[in-house]
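Structure, as structure tokens:
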Amino acid sequence: MKVIVDPDRCVGNGICEALAPELFEVAVSGQARLLVDEISSDQQQLAQQAVDSCPALALTIVP
Ligand code: SF4
């Protein structure tokens, strides 16, 4: 699975990066980006937590 970031929604507050620094980084553009090509099975719970914690609803899990 992957997580996509909606650039129109992300406000760059870094909550996803703080929760899951191995998965997300807020780039110099001020928007979050995914750091991995594919989220491994042992990272899925963390990814879900980040998605659920994004106040801007900018993160979406895709298969
Ligand atoms: S938590 Fe949401 S709004 Fe904040 S940086 Fe991450 S994707 Fe963007």
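Counting starts at 1 for both ligands and their atoms, following the listed order. Given the structure is predicted, the values throughout are model-derived calculations rather than measurements.
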If Ile, Leu, Val, Met, Phe, Trp and Tyr residues are connected whenever their side-chain heavy atoms lie under 4.5 Å apart, and connections chain through other members, are M1 and V36 in the same group?
yes
If waters are left out, how many protein N/O/S atoms lie within less than 2.8 Å of atom 8 (Fe) of ligand 1?
1
Would you say Q31 and C10 make side-chain contact, with heavy atoms under 4.5 Å?
yes
Would you kindly confirm whether L34 and I61 end up in one hydrophobic cluster when ILVMFWY residues are joined by side chain heavy atoms under 4.5 Å apart?
yes
Just wondering, do C16 and L59 contact through their side chains at under 4.5 Å, heavy atoms?
yes
Nearest heavy-atom approach of E22 to L35 is O-CB, 3.9 Å
Sub-4.5 Å side-chain heavy-atom contact between V3 and L23:
no
